[in-house]
*Asks:* 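Pasting a structure below so you can have a look.
Only a predicted model underlies this, so the values are computations on that prediction, with no experimental measurement involved. Each chain gets a letter, A, B and so on, in the order the sequences are listed, and its residues count up from 1.
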Amino acid sequence: MAGGTDDHGAPRAPTGTRDLLWPESWRFETMVERFRAHVEAAGYGLVQSPVFEYASVFRRGIGEHNDVVGKEMYEFADRDGQMLALRPEGTASVVRAYVQHRPVLPWKAWYAAPLLRHERPQAARYRQHHQLGIEVIGVADADLDVEVIWVAQAFLAGLGLSDYSLRIGSMGDRTCRPGYLEQLVGYLAGHEGELCDEHRVRYRANPMRVLDCKRAECRAVTVDAPKLLDHLCGDCAAHLSRVEEGLDALGIPFDLDPGLVRGFDYYTRTLFEFASGAIEAAQNALCGGGRYDGLVEMLGGDPTPGIGFGMGIERALVACDAEGVFPAAPPALDAFVVDTAGGEVARVLAPRLREAGLRADRAFDGRSMKAQMKLADRSGATVALIVGPQEAATGTVVVRPLRSGGDQEAVPASSVVDAVRAALVAVAGATAGRS
RNA sequence: GUGGGCGUAGCUCAGCUGGUUAGAGCGCCAGGUUGUGGCCCUGGAGGUCGGGGGUUCAAGUCCCCUCGCUCACCCCA
């Protein structure tokens with residue numbers, strides 16, 4: 001295959017992207033709706049920002065020294081020569097929107113958006129993926145950190161998930177981090193020759209990455225490296241303690257992880273990540289977030305605190321599959337019209353049923369009774385409404401239950417809607433009676 | 001960017017050491033006393049065996065290249 005087509009010339013979805021067809025698409029959207037209900041009940045309002053921004057928004061916010069901006073961002077000059085970038089993560093865009101519009105503080109926003117990164121696809125990782133997220137601008141209180149973590153945790157639990165864990169850490173702030181980084185770089189410089197090939201040359205650009213390196217060489221060095229959690233200033237230490245207390249108070253289990261590090265420059269203080277224990281694949285991070293008290297300023301606003309998280313919808317769905325929860329059970333039809341008498345009845349009856357608030361569909365192309373009944377069955381409809389020559393001549397419609405054992409009956413065309421409603425009630429009653 | 005695995009009907013896959021018109025299950029379509037779905041039976045449609053080149057009397061089966069998918073590293077949701 002070449003040029004975005006298969007070898008027969010038919011185009012296909014780009015590498016790392018996928019089409020979601022019914023009923024998978026239904027499940028995806030249902031998860032978004034769940035999230036909407038969950039966060040709106042906690043005071044968050046939807047924010048929608050463009051899928052592309054001036055590239056500088058991400059360069060300034062996320063920083064140059066990480067893979068997302070450095071080598072994964074879709075960046076291009078448009079026809080006017082403006083440097084634009086497809087949104088690689090959610091927070092920078094939302095904060096840019098805040099700086100531009102200055103909504104009243106505190107501003108609690110949520111979003112569900114596609115993110116694009118030119119990564120090599122693998123299990124549970126795509127070039128276009130989707131995140132559910134929240135951002136709160138204008139609150140420094142550690143109790144908000146607890147709320148934000150709760151929002152994520154309660155959502156996961158609400159999906160029915162139970163096999164996941166929470167790690168939290170702190171990135172310090174401008175008071176304590178610079179001094180710590182200096183110490184860390186000094187320490188690493190003293191062990192430069194012992195680091196892995198990659199970090200031997202890169203440790204100065206992003207020293208905290210080395211702490212996260214999985215290679216044995218780096219691990220041997222970092223065991224005794226200075227830890228940021230031991231060098232937090234008084235305010236950052238107090239903030240972290242308050243968060244831990246709050247999580248304890250809510251009964252949310254967590255692990256304090258000195259090695260929890262993120263590549264984005266904007267993070268300060270609280271950092272957290274939920275990982276699934278049920279996902280077999282390597283990519284098991286469900287949700288990552290943290291505080292970014294310096295980001296608003298970096299994007300041209302006044303110094304204003306902020307915090308948020310992003311949760312991968314695709315990953316959450318994989319976790320749901322792995323745990324056997326949140327099944328796909330799309331709604332079925334109420335009625336399916338079968339017309340073998342020329343279609344004159346079906347073309348009016350189906351719209352009338354829908355106007356009456358019923359979920360209805362019909363067959364086309366004048367197919368046989370058997371074929372139309374098959375479609376009716378496959379549609380999941382509760383009843384089939386059958387119109388043959390006999391019914392067409394007498395102005396009646398046969399109401400045939402498809403999901404229960406009841407008998408079919410012929411009713412006047414004028415009372416079909418009532419008959420369908422009665423059948424729905426009867427079936428619902430029978431179902432309730434069985435369970 | 002690096003490495004491994006795989007590419008045969010819409011889907012899941014068989015096709016042994018290269019040899020006649022490439023198969024199965026599911027799905028789809030049409031029939032099974034001339035008006036009724038689900039089960040069952042019968043029949044049918046549907047494949048340039050990812051693409052290109054090479055070896056050979058002969059390749060889905062071997063070799064090379066290429067595209068794609070997939071898994072892992074890196075990083076991340």
Side-chain angles (χ1 to χ4, degrees), chain A residues 1-10 12-18 21 62 65-73 88-91 112-133 152 156 196-199 202 206 209 212-215 261-264 273-276 279-289 309-319 336 338-341 363 365 367-381 383-392 398-405 407-408 410:
Chain A
M1 309 183 196
T5 66
D6 63 17
D7 291 300
H8 304 251
R12 45 177 304 131
T15 298
T17 69
R18 56 185 192 152
L21 277 52
I62 306 175
H65 298 295
N66 66 73
D67 291 345
V68 170
V69 166
K71 34 193 242 199
E72 296 172 0
M73 197 158 73
E89 62 94 47
T91 300
L115 303 181
L116 302 108
R117 300 175 195 167
H118 189 102
E119 302 183 273
R120 195 71 176 269
Q122 69 183 73
R125 190 173 73 183
Y126 305 93
R127 288 188 176 171
Q128 172 172 331
H129 78 283
H130 301 77
Q131 287 189 13
L132 300 168
L156 293 173
C196 74
D197 295 345
E198 187 191 343
H199 287 117
R202 286 205 348 181
N206 203 337
R209 269 268 155 264
D212 207 27
C213 183
K214 294 181 183 78
R215 294 180 193 285
V261 170
R262 306 201 85 83
F264 300 164
E273 179 173 308
F274 286 89
S276 170
I279 296 179
E280 299 283 338
Q283 307 303 334
N284 65 354
L286 294 173
C287 171
F309 71 72
M311 180 180 297
I313 296 179
E314 288 82 358
R315 296 243 177 114
L317 287 171
V318 170
F336 194 97
V338 171
D339 182 341
T340 59
D365 288 335
R367 301 179 68 181
S368 70
M369 168 75 72
K370 179 169 182 170
Q372 293 195 43
M373 284 302 293
K374 249 179 131 161
L375 291 176
D377 183 50
R378 205 184 303 157
S379 77
V383 299
L385 301 178
I386 305 168
V387 180
Q390 208 176 97
E391 287 74 23
V398 170
V399 179
R400 178 179 174 80
L402 294 173
R403 309 292 143 203
S404 57
D407 292 329
Q408 66 184 45

*Asks:* Expressed as a whole number of Å, how far does the P atom of U56(B) sit from that of U70(B)?
*Replies:* 38 Å
*Asks:* Which value, in whole Å, describes the distance between the C1' atoms of nucleotides A22(B) and G5(B)?
*Replies:* 25 Å
*Asks:* Enumerate the protein-to-nucleotides 11-13 of chain B contacts in which both atoms are nitrogen or oxygen and the separation is below 3.5 Å.
*Replies:*
none

*Asks:* Mind checking if Gly288(A) touches a base, just sugar-phosphate, or nothing, with heavy atoms under 4.0 Å?
*Replies:* sugar-phosphate
*Asks:* Quick one: Glu89(A) CD to C75(B) C1', roughly how many Å, whole number?
*Replies:* 14 Å
*Asks:* Kindly compute the distance separating OG1 (Thr15(A)) from NE2 (His118(A)), expressed to the nearest 0.5 Å.
*Replies:* 8.0 Å
*Asks:* Can you find a heavy atom in the side chain of Arg367(A) that is under 4.5 Å from one in the side chain of Leu375(A)?
*Replies:* yes
*Asks:* Looking only at atom P, what distance separates C71(B) and C13(B), rounded to whole Å?
*Replies:* 13 Å
*Asks:* For nucleotides 27-33 of chain B, just jot down a letter per nucleotide in 5' to 3' order: B, S or -, based on protein non-hydrogen atoms under 4.0 Å.
*Replies:* -SSSBB-
*Asks:* Quick check: closest heavy atoms across Ala341(A) and Asp339(A), and the distance to 0.1 Å?
*Replies:* N-OD1, 2.7 Å
*Asks:* Would you name the heavy atoms of Tyr126(A) and Gly16(A) that are closest together and state the gap between them?
*Replies:* CB-O, 3.2 Å
*Asks:* Rounding to an integer number of angstrom, what distance separates G43(B) and G50(B) when you compare their P atoms?
*Replies:* 29 Å
*Asks:* Report yes if a donor N or O on one partner sits less than 3.5 Å from an acceptor N or O on the other, where the partners are the side chain of Arg120(A) and the base of C74(B); otherwise report no.
*Replies:* no
*Asks:* Could you check whether the side chain of Glu72(A) and the base of C76(B) have a donor-acceptor pair of N or O atoms closer than 3.5 Å, going by distance alone?
*Replies:* no
*Asks:* Taking atom CG of Asp67(A) and atom CE of Met73(A), what is their separation to the nearest 0.5 Å?
*Replies:* 12.5 Å
*Asks:* If I take atom CG in residue Asp67(A) and atom C1' in nucleotide C73(B), what distance separates them, rounded to the nearest angstrom?
*Replies:* 12 Å
*Asks:* Ignoring the backbone of Gln131(A), work out which of G38(B), C76(B), A77(B) is nearest its side chain.
*Replies:* A77(B)
*Asks:* Rounded to whole angstrom, note down the C1' distance from C49(B) over to G38(B).
*Replies:* 36 Å
*Asks:* Choose from G38(B), G35(B), G68(B) the nucleotide whose nearest atom is closest to any side-chain atom of Arg400(A).
*Replies:* G38(B)
*Asks:* Glu314(A): which residues meet the side-chain hydrogen bond (donor to acceptor under 3.5 Å, both in side chains) condition with it, sequence neighbours left out?
*Replies:* His130(A)
*Asks:* Go nucleotide by nucleotide along RNA chain B from the 5' end; which of Arg127(A) and Glu391(A) gets its closest nucleotide reached first?
*Replies:* Glu391(A)
*Asks:* What is the distance, to the nearest angstrom, from the CG atom on Leu156(A) to the C1' atom on A77(B)?
*Replies:* 12 Å
*Asks:* Please report the closest heavy-atom contact between Val387(A) and Ala392(A), naming both atoms and the distance.
*Replies:* CG1-N, 4.0 Å
*Asks:* What is the distance, to the nearest angstrom, from the CG atom on Leu402(A) to the C1' atom on G38(B)?
*Replies:* 9 Å
*Asks:* Going by the rule salt bridge (Lys or Arg N to Asp or Glu O under 4.0 Å), which residues pair with Arg125(A) if we only count those two or more places apart in sequence or in a different chain?
*Replies:* Glu119(A)
*Asks:* Could you pull out the closest heavy-atom pair between Gln122(A) and Ala282(A), with the gap in Å?
*Replies:* NE2-CB, 4.0 Å
*Asks:* Tell me, which of residues 312-319 of chain A have any heavy atom that sits under 4.0 Å from an atom in RNA chain B?
*Replies:* Gly312(A), Arg315(A)
*Asks:* Pick the C1' atom in A14(B) and in A58(B), then give their distance to the nearest Å.
*Replies:* 23 Å
*Asks:* May I ask you to verify whether the side chain of Arg125(A) and the base of C74(B) hold a donor-acceptor pair under 3.5 Å?
*Replies:* yes
*Asks:* Working to the nearest 0.5 angstrom, can you tell me the gap between Arg400(A) CZ and Leu402(A) CG?
*Replies:* 7.0 Å
*Asks:* How far, in whole Å, is C39(B) from A45(B) if one measures between their C1' atoms?
*Replies:* 24 Å
*Asks:* Measure CD/Gln122(A) against C1'/A72(B) and give the value in whole Å, please.
*Replies:* 6 Å
*Asks:* Round to a whole Å and report the spacing from CD of Glu119(A) to C1' of A77(B).
*Replies:* 9 Å
*Asks:* Remember a base hit wins even if backbone is also touched, and classify Ala281(A) as base, sugar-phosphate or nothing at under 4.0 Å, heavy atoms.
*Replies:* sugar-phosphate
*Asks:* Let me know the distance between CZ of Arg12(A) and C1' of G7(B), rounded to the nearest Å.
*Replies:* 11 Å
*Asks:* Mind checking the C1' distance from C75(B) to U12(B)? Whole angstroms is fine.
*Replies:* 33 Å
*Asks:* Using a heavy-atom cut-off of under 4.0 Å over every strand shown, decide if Ala123(A) touches base, sugar-phosphate, or nothing.
*Replies:* sugar-phosphate
*Asks:* Of the nucleotides C76(B), G37(B), A72(B), which has the atom closest to the Arg117(A) side chain?
*Replies:* C76(B)
*Asks:* Output the distance between atom CG (Leu132(A)) and atom CZ (Phe309(A)), rounded to the nearest 0.5 Å.
*Replies:* 7.5 Å
*Asks:* When you match Phe274(A) and Pro14(A) each to their closest nucleotide on RNA chain B, which lands nearer the 5' end?
*Replies:* Pro14(A)
*Asks:* So which heavy atom on Leu286(A) is nearest to which on Ala319(A), and how close?
*Replies:* CD2-CB, 3.9 Å
*Asks:* Starting from Watson-Crick (N1-N3 plus N6-O4 or O6-N4) and G-U wobble pairs under 3.5 Å, report the runs of at least three that RNA chain B belongs to.
*Replies:* B:1-7 with B:67-73, B:10-13 with B:23-26, B:28-32 with B:40-44, B:50-54 with B:62-66
*Asks:* Ion pair present between Arg262(A) and Glu273(A), side-chain N to carboxylate O less than 4.0 angstrom?
*Replies:* yes
*Asks:* Do any N or O atoms from the side chain of Arg403(A) and from the backbone of Asp377(A) form a donor-acceptor pair under 3.5 angstrom?
*Replies:* yes
*Asks:* Could you give the distance from OG1 (Thr340(A)) to CD (Gln390(A)), rounded to the nearest 0.5 Å?
*Replies:* 10.5 Å
*Asks:* Considering every strand and a 4.0 Å limit on heavy-atom distances, what is the contact class for Leu286(A): base, sugar-phosphate, or nothing?
*Replies:* sugar-phosphate
*Asks:* Between atom NZ in Lys71(A) and atom P in C74(B), what is the gap in whole Å?
*Replies:* 11 Å
*Asks:* Distance check, rounded to the nearest 0.5 Å: Gln128(A) atom CD versus Leu116(A) atom CG?
*Replies:* 5.0 Å
*Asks:* Report which part of the nucleic acid Gln372(A) touches: base, sugar-phosphate, or nothing (heavy-atom distance under 4.0 Å, all strands).
*Replies:* nothing
*Asks:* Looking at every strand, decide which applies to Phe309(A) at a 4.0 Å heavy-atom threshold: base, sugar-phosphate, or nothing.
*Replies:* nothing
*Asks:* Taking the side chain from Gln372(A) and the backbone from Met369(A), do they hold a donor-acceptor pair closer than 3.5 Å?
*Replies:* no
*Asks:* Applying a 4.0 Å non-hydrogen cut-off, can you work out what Met311(A) is touching in the nucleic acid: base, sugar-phosphate, or nothing?
*Replies:* nothing
